[in-house]
Amino acid sequence: MGNFLPSTDAQCKEMLNVIGVSSVGELYADIPRAMREKAAEAVNELPKGVSEFEALDAMRALAKKNRVFDAIFRGAGAYWHHIPAVVSRVAAKEAFVTAYTPYQPEISQGILQTIFEYQTILCELTGMDAGNASVYDGATAAAEAAAMCRERNRTLTLLAGGLNPESIETVRTYSFGADAEYAIVPNKEGRLDLDALKTALNTGVASLILQSPNYFGVVEDIPAIAELVHAAGAKLVVSMNPTAMVLLRSPGECGADVAIGDGQPLGIPLSYGGPYLGFMACKKEMIRKLPGRIVGQTADAAGRRCFVLTLQAREQHIRREKASSNICSNQALCALTAAAYCSAMGPQGMGEVARACYDNAHYLAAKLGKIKGFELAYPGAPFFHEFVTGTPADLTERALKALGEKNILGGLPVEGGILWCATERNTSAQIDALVETVKAVIA
Amino acid sequence: MGNFLPSTDAQCKEMLNVIGVSSVGELYADIPRAMREKAAEAVNELPKGVSEFEALDAMRALAKKNRVFDAIFRGAGAYWHHIPAVVSRVAAKEAFVTAYTPYQPEISQGILQTIFEYQTILCELTGMDAGNASVYDGATAAAEAAAMCRERNRTLTLLAGGLNPESIETVRTYSFGADAEYAIVPNKEGRLDLDALKTALNTGVASLILQSPNYFGVVEDIPAIAELVHAAGAKLVVSMNPTAMVLLRSPGECGADVAIGDGQPLGIPLSYGGPYLGFMACKKEMIRKLPGRIVGQTADAAGRRCFVLTLQAREQHIRREKASSNICSNQALCALTAAAYCSAMGPQGMGEVARACYDNAHYLAAKLGKIKGFELAYPGAPFFHEFVTGTPADLTERALKALGEKNILGGLPVEGGILWCATERNTSAQIDALVETVKAVIA
Amino acid sequence: MKLSFERSVPGRRGCRAPQSAAPHAAIEESLLRKLPPRLPELSETDVSRHFSELERQVYGVNDGFYPLGSCTMKYNPAVNEQAASLEGFSGIHPLQPVESAQGAIEALVRAKELLCQLVGMDEMTFQPAAGAHGEFLGLLLIKRYHEERGDCARKKIIVPDSAHGTNPATASMAGFTVINIPSAQDGTVDLAALRAAVGPDTAGLMLTNPNTLGIFDKNILEITDIVHGAGGLCYYDGANMNAVMGAARPGDMGFDAVHLNLHKTFSTPHGGGGPGAGAVGCKECLTPYLPNRLPVRLADGTFGYADSEHSVGRMKFFCGNFLVVLRALTYITMLGGDGLQEASENAVLNANYLRALLKSELPAANEGFCMHEFVVSLESLKKETGVSAMDVAKSFIDAGMHPPTMYFPLIVHEALMFEPTETEGKETLDAAAEAVRNILARAKTEPEALHLAPVTTPIGRPDEVGAARNPILRYDFTEADQ
Amino acid sequence: MKLSFERSVPGRRGCRAPQSAAPHAAIEESLLRKLPPRLPELSETDVSRHFSELERQVYGVNDGFYPLGSCTMKYNPAVNEQAASLEGFSGIHPLQPVESAQGAIEALVRAKELLCQLVGMDEMTFQPAAGAHGEFLGLLLIKRYHEERGDCARKKIIVPDSAHGTNPATASMAGFTVINIPSAQDGTVDLAALRAAVGPDTAGLMLTNPNTLGIFDKNILEITDIVHGAGGLCYYDGANMNAVMGAARPGDMGFDAVHLNLHKTFSTPHGGGGPGAGAVGCKECLTPYLPNRLPVRLADGTFGYADSEHSVGRMKFFCGNFLVVLRALTYITMLGGDGLQEASENAVLNANYLRALLKSELPAANEGFCMHEFVVSLESLKKETGVSAMDVAKSFIDAGMHPPTMYFPLIVHEALMFEPTETEGKETLDAAAEAVRNILARAKTEPEALHLAPVTTPIGRPDEVGAARNPILRYDFTEADQ
Ligand SMILES: Cc1ncc(COP(=O)(O)O)c(C=O)c1O
Ligand SMILES: Cc1ncc(COP(=O)(O)O)c(C=O)c1O
């Protein structure tokens with residue numbers, strides 16, 4: 001069924017003839033008969049094929065069962081940004097979409113060069129020396145970073161309390177695999193507790209994974225933390241939202257050894273959580289510890305500049321059980337999308353986006369903060385485009401419900417309140433509507 | 001404003017230097033000062049530019065003010081078909097979208113070949129010898145056909161009463177331009193009145209423009225009409241829905257001299273009426289009278305097959321006031337879309353669509369026809385996928401309103417009833433829902 | 001490359017239609033098609049590859065510089081396409097009730113209000129599908145105007161010899177006699193010739209300003225005065241509006257009707273030759289004759305359509321090329337009045353810059369500055385070296401760019417017409433000038449080589465004469481059977 | 001071609017952000033970035049052209065045959081992309097309330113039910129983002145299983161030497177010791193070696209069947225029995241599932257867990273290297289350990305998520321690569337059980353046909369029939385002519401096709417691995433065979449020429465050794481300043 005089997009019956013017959021069998025069944029002779037019959041029965045019980053139109057209609061019906069909010073004030077790892085139309089068009093170009101990993105550089109320069117450009121952009125944003133071609137997402141980037149920082153005698157990974165809880169869970173899962181230890185350094189007033197950090201740092205610590213702005217929106221004092229971590233001989237991994245990097249000091253400027261994060265804000269739609277883009281960049285010294293695909297510049301025999309997958313000696317297809325990571329397929333098209341986004345926006349456009357996020361979030365915080373029950377949880381702490389109001393649970397529920405009725409997705413309920421987010425898409429009209437709605441709930 | 005002026009201020013200054021002026025204003029020196037000031041004032045009163053996001057949002061807001069029906073049972077010149085995804089993707093390929101008329105064949109073979117393929121497909125569907133690269137739509141195709149059939153002593157155009165009324169109006173407008181006469185041959189019981197035709201045919205008649213299936217859905221007896229028309233020395237122009245051509249005898253098979261129509265059903269979205277695709281094809285003898293762009297096959301000096309715009313001696317850029325038509329820009333991308341549609345569906349797929357249209361419409365007619373007030377207006381007359389029920393005006397209004405409440409777009413109110421249409425997209429569940437709703441109105 | 005018919009495999013099938021659950025209905029045998037159409041039989045894989053291969057043989061604006069004069073091949077914002085593909089626009093039926101299409105009609109009304117303001121007209125229709133179609137409507141308006149006033153002797157339309165071919169062709173289609181008047185030495189309208197041409201038989205004048213030489217006719221008010229003085233009306237071919245947004249309004253120049261090529265000035269893509277849209281605006285005197293189904297803002301704030309019993313009639317189905325208008329509206333909304341003005345200014349700047357770069361090598365067809373485009377003549381090059389405008393244009397292809405328009409306007413010999421548009425950066429213009437310089441240098445040293453250009457394309461120059469002499473307009477299936 | 005940074009013009013600007021109407025908020029100076037990132041400064045025209053030029057230097061499935069073994073480069077229906085771009089899917093937030101995402105969760109549940117049935121598993125998660133990620137989860141399930149049973153000595157994972165590199169790499173990542181076992185002469189698992197390898201320290205076996213040689217291991221039930229008998233579990237690398245849909249279910253082969261590469265078998269596009277999705281299915285014994293946020297059908301007919309306190313934990317953010325799963329669901333819905341079975345049958349047919357065509361020229365690495373792919377060895381060609389598998393692969397490019405996979409699996413010398421997939425027509429396979437024949441003929445007459453292939457591409461073979469020795473991993477801006 002479907003229009004994806006080009007061979008006609010006549011052609012199939014010819015082909016079988018050339019092979020020297022009379023039916024496809026003969027080709028399956030190695031499969032035990034009972035096993036084949038069972039499999040055939042099983043597919044028989046699946047729904048039959050339908051036309052493209054019917055399949056699409058079924059998907060449309062599912063899509064309609066989801067609510068597309070008119071305004072989204074929720075972040076927590078997934079951000080509602082405008083995606084320039086040219087970016088979507090670039091990312092939909094058929095050859096980009098249908099090619100695979102550029103194993104054959106002669107017919108893949110377009111993809112290789114894009115990744116090289118992406119790596120460069122990533123270095124510029126993070127202030128690092130080298131980046132890889134992507135890992136699955138921000139959470140696995142954290143787990144991979146933990147792994148790349150471990151050394152023979154330093155195996156403990158410290159996780160900042162402000163790290164996205166899903167990242168923490170992911171590092172925990174990977175650590176279970178690696179039989180490695182991890183410990184959480186708690187927060188104090190929304191930021192990493194430096195005293196607790198000092199206590200936690202010992203000679204067994206491989207790295208600290210810090211998020212800034214952290215999960216609660218607060219900008220951490222990365223330089224101070226870097227000093228402590230480095231003094232203890234450990235590595236500092238900083239996870240940062242790429243939009244924030246345009247405005248705030250980059251991980252590199254702040255002394256991080258590895259910068260990681262999720263590139264979703266760079267032109268990738270919300271998509272109910274995926275596919276997104278895990279990015280990783282590091283200082284020169286750590287390049288050969290980076291996992292994943294890496295593209296490098298070289299030349300052909302005629303001296304023409306070109307690009308190839310490089311440093312493959314780190315990878316699974318060469319090193320097998322000794323590889324630095326098992327990653328193979330990654331998020332290449334998302335990396336291409338991010339490169340296109342940064343190219344289409346340019347430094348000015350991205351600066352404007354960052355600034356609008358900052359201003360809108362602060363406007364929202366100022367307005368919300370004045371409402372009883374919506375006071376800022378960490379007043380005075382610097383934040384970028386997310387912040388927490390210390391809202392009690394019952395009020396949280398009522399406020400979010402009231403907003404939902406206006407087709408506004410409010411902030412995320414977290415421990416101790418609501419985690420709000422505003423981006424350049426949240427117009428002040430939307431913010432005002434939100435604030436009015438919340439006020440009405442209180443009244 | 002907007003990101004479409006690449007020159008930076010510094011570059012502009014350099015450029016002005018090279019030109020030898022100090023401001024762009026000097027370049028406008030030929031424009032009378034008062035005129036310039038008035039124009040500047042006028043643009044000043046226009047809204048200021050906004051970001052892409054805001055512009056798109058404004059368009060989204062407009063789009064939301066339109067109602068997208070869950071099911072459409074209205075045709076009358078615009079048909080609700082499924083468009084294979086691959087067709088939309090092909091039609092969105094950037095070079096196809098952004099190139100212009102292939103004046104430079106060496107870098108336009110992709111477009112030229114597509115049109116050549118389109119012309120061939122058109123000939124196959126219509127049963128004709130040659131087609132042009134498109135005219136604006138089905139209505140202007142009728143007007144152009146009337147013009148191409150006129151001869152020195154034969155200038156009267158007969159229009160069948162079953163021709164789409166908007167086509168009739170268009171021919172009338174063009175005739176006003178050409179200072180040419182036209183006359184309408186009335187229908188009888190939903191089909192062309194052959195006696196009236198006989199009466200109307202005289203030595204001054206240039207052509208009869210006949211639509212079949214006609215506006216009321218009824219299949220005309222084209223061979224019989226062709227005989228009469230030809231006997232009178234006139235030409236027969238047949239307008240036919242391309243979907244119907246796959247199932248029913250083609251204009252060519254029926255003896256038409258010119259076949260025309262609108263190609264919208266071939267993969268072009270409803271789009272509130274446009275852009276659509278006017279097609280024109282004719283017998284060999286009339287090729288040099290065809291208006292519009294035509295692509296022909298030829299070869300380069302090395303003997304490689306290639307394609308070019310040809311027979312340009314008919315056209316405005318060569319012949320100016322003596323040209324056969326003034327058409328310049330046409331509906332090229334729609335022609336490409338139609339070619340992609342026919343290629344993606346193939347003869348089998350198109351046959352299935354035609355058959356599903358036929359079956360669904362007959363199912364609908366059978367069910368509706370049994371409801372009081374919804375009896376078929378032309379019982380026994382053969383039809384394809386449209387038909388008229390002889391519904392009184394007040395009942396029409398109530399039925400359409402009730403359907404609207406179920407988000408179903410019912411048939412079009414026409415003189416004497418409702419003109420219904422069903423396509424392959426109208427599932428029997430939709431048809432049953434329609435019938436139930438109508439029944440409820442009656443009850 | 002292969003034609004789709006040559007890729008076809010008998011019995012291979014493409015997209016399936018949904019099976020109808022309705023019972024199979026009978027069809028009278030005599031109505032049935034006898035010969036099935038020989039459409040290509042392809043899989044979706046084949047279709048994807050076929051059109052990918054075809055696209056790779058097309059040069060679009062996305063591939064580089066496209067200075068095709070008179071065609072305004074500006075870069076079209078990608079967002080236009082997104083707006084046009086919103087289901088609320090692409091999925092609605094032209095005959096659905098007005099209440100259910102308020103957004104669509106509002107879009108038309110907004111576009112018309114903005115554009116009327118921009119060009120100084122009172123009313124506008126979007127029914128015409130292209131510039132030429134708009135011209136036709138414009139002349140019908142003029143025809144009806146005179147007719148309704150009983151002024152029936154006005155059968156002549158004056159057209160300067162620099163006009164685009166559609167102008168005279170349109171005048172003929174509208175039943176007028178075309179009076180061609182020669183241009184003055186400097187390329188503008190020869191006022192004396194115009195005065196001599198007008199009279200009681202003058203229905204009107206068709207003019208584009210800036211004209212096809214890229215010159216803004218500084219006598220424009222006098223020109224329109226002369227025509228009006230003789231009782232004629234003035235029609236503005238707006239194809240060159242990209243030069244003068246915010247700088248001059250046709251309405252203020254004295255024109256009574258105008259068409260705008262939305263696919264040129266207002267940035268809707270050209271689609272390999274269309275679809276476009278030829279919005280027609282007019283002054284109040286012509287408003288009653290506009291086509292029916294005129295989108296209007298109603299007193300109650302909703303939107304609807306208005307008819308007039310004086311209308312010249314319908315130009316085509318429904319409301320014109322709606323999605324093209326929508327793209328234009330998106331563009332205008334994004335740019336705003338200020339952005340449109342800047343666009344024109346930069347178009348003029350770019351054209352003058354390129355012209356200045358080329359000045360020493362290529363004599364421009366006229367003195368002074370140009371507007372958004374300019375014409376050069378290669379007549380002396382041709383005489384000296386035998387290298388023609390065509391040769392130079394084809395060599396441009398080998399330099400990786402789309403050639404300028406060749407041999408237009410007809411009044412300039414060996415003409416090349418460059419229209420860089422505002423969306424090109426300085427470096428592109430520099431590269432183009434460099435390419436021209438190289439070509440001209442080669443013209444002197446190896447003229448024969450240029451006769452063979454282009455050499456970097458999949459095919460060389462096609463035999464166009466042969467194509468017209470022995471037209472092959474469709475695939476010949478019998479060929480394949482041999 | 002130029003890098004975006006080389007196209008950049010200082011001060012040129014791209015897309016604008018909406019200006020915030022909110023008041024400008026103060027920022028502490030010390031928080032501010034000091035050095036602005038040197039991103040490319042481009043206009044939208046530049047962006048469009050840059051990526052158009054880049055796309056023209058990519059060979060995709062839309063350009064022709066792509067028999068890259070082990071990667072299942074089938075044609076991906078365009079409708080998948082349409083479904084994934086519906087706003088109801090692409091525009092929803094992963095943390096929006098379950099009630100407002102019923103369609104999304106239903107999609108996940110449907111996909112899981114269909115796929116479980118197809119592979120004979122009891123439960124499935126879509127959290128892993130790719131095959132390797134799925135393998136990792138699979139081994140963690142096994143690890144937790146043994147742990148929870150207090151069976152803590154099971155630290156070894158058996159992997160045949162024909163396995164994909166991700167298998168051993170994954171086993172290491174999951175904290176296991178890898179026991180590589182050699183394949184039997186015929187490429188299948190050496191039962192004796194397996195028996196020797198298993199024991200009380202065996203955590204499990206990782207196997208793909210058909211294996212990377214394209215052979216269905218007919219002893220599969222014995223194999224899984226041996227492992228189970230020793231107390232280990234069996235993990236199925238489902239990357240080769242495209243061979244056996246409707247013909248054999250991993251569950252019936254005795255496997256306890258499986259990952260499916262949705263981007264291979266289930267037709268979601270490869271995106272130049274990703275994103276994919278590595279759905280992991282398992283038998284009931286492992287279900288409690290699956291990641292939390294498991295999409296489930298609730299008793300009241302609605303959809304939600306289930307957690308388990310035994311879960312090994314989360315693999316990544318949210319619910320995995322949701323839009324990839326959605327594409328797979330679209331595909332499965334369209335094809336249906338019958339279509340999936342036909343797809344596998346045709347994949348097997350195509351592979352055997354191409355193999356048969358090549359048989360006389362190229363010794364297949366094994367006897368008998370193959371499944372959806374096959375491996376040939378060019379060892380003797382290399383010896384005779386000096387022409388390597390690499391040379392032949394690169395020559396394939398000059399014939400207009402994507403090369404097969406080279407030098408994999410590692411156990412075959414000078415290996416080329418062909419996987420034609422079911423979406424190719426006979427004529428494509430014929431052309432590929434013809435191309436191979438021509439290349440082999442040239443290998444005998446002009447071997448040196450093949451060392452230089454490809455010659456029809458914008459670049460020749462890059463210096464990969466130099467690239468790794470002296471890594472240049474980002475653009476050097478100082479270069480440009482010189
Ligand atoms: C000056 C001028 N007038 C009229 C036209 C005709 O416009 P269209 O091609 O849209 O019919 C053109 C387009 O080529 C033109 O350049
Ligand atoms: C046999 C086999 N196993 C596992 C994998 C890994 O899958 P992925 O690339 O999705 O991580 C691959 C893909 O290359 C494969 O071919």
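This is a predicted model, so every value here is computed, not measured. Only this structure's heavy atoms are used, side chains among them; waters, hydrogens and symmetry mates stay out.
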Contact origin within B:R425 toward chain C - heavy atom pairs under 4.5 Å: neither

Contacting moiety of C:H50, where chain B heavy atoms sit under 4.5 Å: side chain

Selection from C:G91, C:S100, C:G60 maximising heavy-atom pairs under 4.5 Å formed with chain B: C:S100

Cation-pi, B:F116 ring and C:R474 (6.0 angstrom, 45 degrees): no

Min side-chain heavy-atom separation B:L311-C:L473 under 4.5 Å: yes

Leading residue by heavy atom contact count with chain B [cutoff under 4.5 Å; candidates C:V178, C:L31, C:T330]: C:L31

Toward chain B, the part of C:F89 with a non-hydrogen atom under 4.5 Å: both

Any B:H317 side-chain heavy atom under 4.5 Å of C:H164 side chain: no

Any C:Q102 side-chain heavy atom under 4.5 Å of B:K64 side chain: no

Carboxylate-amine/guanidinium contact C:K316 B:E169, below 4.0 Å: no

Contact origin within B:V18 toward chain C - heavy atom pairs under 4.5 Å: both

Proximal component of C:M73, with respect to chain B [non-hydrogen, under 4.5 Å]: side chain

Pick from B:R172, B:R60, B:E166 with the largest number of heavy-atom pairs that fall under 4.5 Å of chain C: B:E166

Region of B:E315 in contact with chain C, defined by heavy-atom distances below 4.5 Å: neither

Proximity of C:F216 and B:Y28 rings by center, below 6.0 Å: no

B:D300 side chain to C:P462 backbone, donor-acceptor under 3.5 Å: no

Closest-packed option against chain C by number of heavy-atom pairs under 4.5 Å, given B:L247, B:D359, B:V86: B:D359

Smallest separation among heavy atoms of C:L323 and B:P275, with atom names: CB-CD, 3.7 Å

Backbone N/O of C:V61 and side chain of B:E94: donor-acceptor pair under 3.5 Å: no

B:Y174 vs C:F136, ring-ring contact (aromatic ring centres under 6.0 Å, His included): CA-CA, chis, key distance, verdict: CA-CA 9 Å; B:Y174 274 62; C:F136 183 45; 4.7 Å; yes

Winner by heavy-atom pair count (cut-off under 4.5 Å) against chain B, out of C:G246, C:A130, C:A356: C:G246

Atom pair CE/CD of C:M334 and B:E52 - distance to nearest 0.5 Å: 6.0 Å

Option in C:L326, C:N76, C:L95 with maximal non-hydrogen atom pairs under 4.5 Å from chain B: C:L95

C:N350 and B:S7, any side-chain heavy atoms less than 4.5 Å apart: yes

Electrostatic pair B:D179:C:K143 at N-O distance under 4.0 angstrom: yes

Salt-bridge present (B:E14, C:K426; N to O < 4.0 Å): yes

C:M1 portion near chain B, given a 4.5 angstrom heavy-atom threshold: both

Residue pair C:L221 / B:P32: nearest heavy atoms and the distance that separates them: CD1-CG, 4.5 Å

Closest heavy-atom pair and its distance - C:L329, B:L62: CD2-CD1, 4.1 Å

Residue selection (most heavy-atom pairs with chain C, distance under 4.5 Å) from B:S134, B:A301, B:G296, B:A339: B:G296

Side chain B:E253, main chain C:K34, donor-acceptor under 3.5 Å: yes

Which atom of C:L54 lies closest to which atom of B:E117, heavy atoms considered: CD1-OE1, 4.5 Å

Among the listed options B:G351, B:S343, B:G349, B:A58, the residue most often paired with chain C at heavy-atom distances under 4.5 Å: B:S343

B:A29, part contacting chain C, at a heavy-atom distance under 4.5 Å: neither

Segment of B:A42 engaging chain C (4.5 angstrom heavy-atom cut-off): both

Residue among C:E135, C:K74, C:M253, C:R144 with most heavy-atom pairs under 4.5 Å to chain B: C:R144

Under 4.5 Å from a heavy atom of chain C, the part of B:L27 involved: both

Backbone N/O of C:G88 and side chain of B:N66: donor-acceptor pair under 3.5 Å: yes

B:K48/C:D338 salt bridge by N-O under 4.0 Å criterion: no

Heavy-atom side-chain contact between B:S329 and C:P275 under 4.5 Å: no

Plane angle bin for B:Y276 and C:F318 - parallel if under 30°, tilted between 30 and 60°, otherwise perpendicular: perpendicular

Residue C:P77 versus chain B: region with a heavy atom under 4.5 Å: both

Proximal component of B:M245, with respect to chain C [non-hydrogen, under 4.5 Å]: both

Contacting moiety of C:S52, where chain B heavy atoms sit under 4.5 Å: both

Ion pair check, B:K65 and C:E106, cut-off under 4.0 Å: yes

Side chain, backbone, both or neither of B:V97 within contact of chain C (heavy atoms, under 4.5 Å): both

C:Q19 atom CD, over 12 foreign heavy atoms within 6.0 Å: no

C:I92 versus chain B, the contacting section by heavy-atom distance below 4.5 Å: both

Distance-minimising heavy-atom pair for C:P18 and B:E424: CG-O, 3.5 Å

For the student: nearest non-hydrogen atoms of C:R314 and B:T173, plus distance: O-OG1, 2.7 Å

Side chain, backbone, both or neither of C:F317 within contact of chain B (heavy atoms, under 4.5 Å): both

Part of B:D262 lying under 4.5 Å from any heavy atom of chain C: side chain

Chain C contacts, top residue of B:I121, B:L46, B:T170 (heavy-atom pairs, under 4.5 Å): B:T170

Pair C:H93 + B:Y272: ring centers closer than 6.0 Å: no

Segment of B:R355 engaging chain C (4.5 angstrom heavy-atom cut-off): side chain

Closest-packed option against chain B by number of heavy-atom pairs under 4.5 Å, given C:G320, C:S48, C:A104: C:A104

Criterion side chain to side chain donor-acceptor pair (under 3.5 Å) on B:N326 and C:T166, from CA distance to verdict: CA-CA 5 Å; B:N326 71 343; C:T166 50; over 6 Å; no

Option in B:A302, B:A63, B:A55 with maximal non-hydrogen atom pairs under 4.5 Å from chain C: B:A63

Sub-4.5 Å side-chain heavy-atom contact between C:T457 and B:Q109: no

Check: C:N346 and B:F4 side chains under 4.5 Å, non-hydrogen atoms: no

B:L16 vs C:L349 side-chain heavy atoms within contact, under 4.5 Å: yes

